[in-house]
Amino acid sequence: MNETSKSEAIVIRPMDAAEAQARLDELADILTDAVAQGASVFFMAGFSRDDGRAFWRSQLAGIAAGEKFLYVGEAGGRLAQGGRHPARGT
């Protein structure tokens, strides 16, 4: 996946379970990439796209029931991901 363009404004917004289901591949790709880049998000190296899809699928019922909340960053209709983060110094 490509990094979000620096010129595009990122909007943070809630995502409901139906949209999360429809965008499962995008969510899985972002999570898989984060793990591959060493993000400390509970998962270990070797985490696959299928693992990411399974994780997000397991969250859908809780999101639909209002027990869990999913917020995403979006720019230009695409889910935002990656890039340099000044607080991490990377």
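- Contact check for Asp25 versus Arg53: side-chain heavy atoms found under the 4.5 Å cut-off.
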One pair to check against side-chain contact (heavy atoms from CB on, under 4.5 Å): Gln81 and Asp33. What are the steps and the verdict?
CA-CA 9 Å; Gln81 87 167 61; Asp33 184 57; 2.9 Å; yes
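- Taking 4.5 Å as the limit, some side-chain heavy atom of Leu79 sits within range of a side-chain heavy atom of Arg23.
- The main-chain N or O of Leu27 is found under 3.5 Å from a side-chain atom of Trp56 such that the two form a donor-acceptor pair.
- Pairing each heavy atom of Ala75 with each of Ala9, the nearest pair is CB-O, 3.5 Å.
- The minimum heavy-atom distance linking Ile12 with Gly73 is given by the pair CD1-CA, 3.7 Å.
- Under the 4.5 Å side-chain heavy-atom criterion for ILVMFWY residues, no single connected hydrophobic cluster contains both Val11 and Tyr71.
- Pairing each heavy atom of Ala28 with each of Gly52, the nearest pair is CB-C, 3.7 Å.
- The cluster map of Ile, Leu, Val, Met, Phe, Trp and Tyr, joined by side-chain heavy atoms under 4.5 Å apart, puts Phe47 and Leu24 in the same cluster.
- Asp51 contributes a side-chain N or O that, together with a main-chain N or O of Ser48, makes up a donor-acceptor pair within less than 3.5 Å.
- How far CD of Glu19 is from CD of Glu26: 8.5 Å, rounded to the nearest 0.5 Å.
- Looking only at side-chain heavy atoms (C-beta outward), Val35 and Met44 stay at 4.5 Å or farther from each other.
- Among all heavy-atom pairs drawn from Ala20 and Leu60, the shortest one is CB-CD2, 3.6 Å.
- For Phe43 and Phe55, the gap between ring centers is short of 6.0 Å.
- Side-chain heavy atoms closer than 4.5 Å link hydrophobic residues (I, L, V, M, F, W, Y) into clusters, and following such links, possibly through other members, connects Ile30 to Met15.
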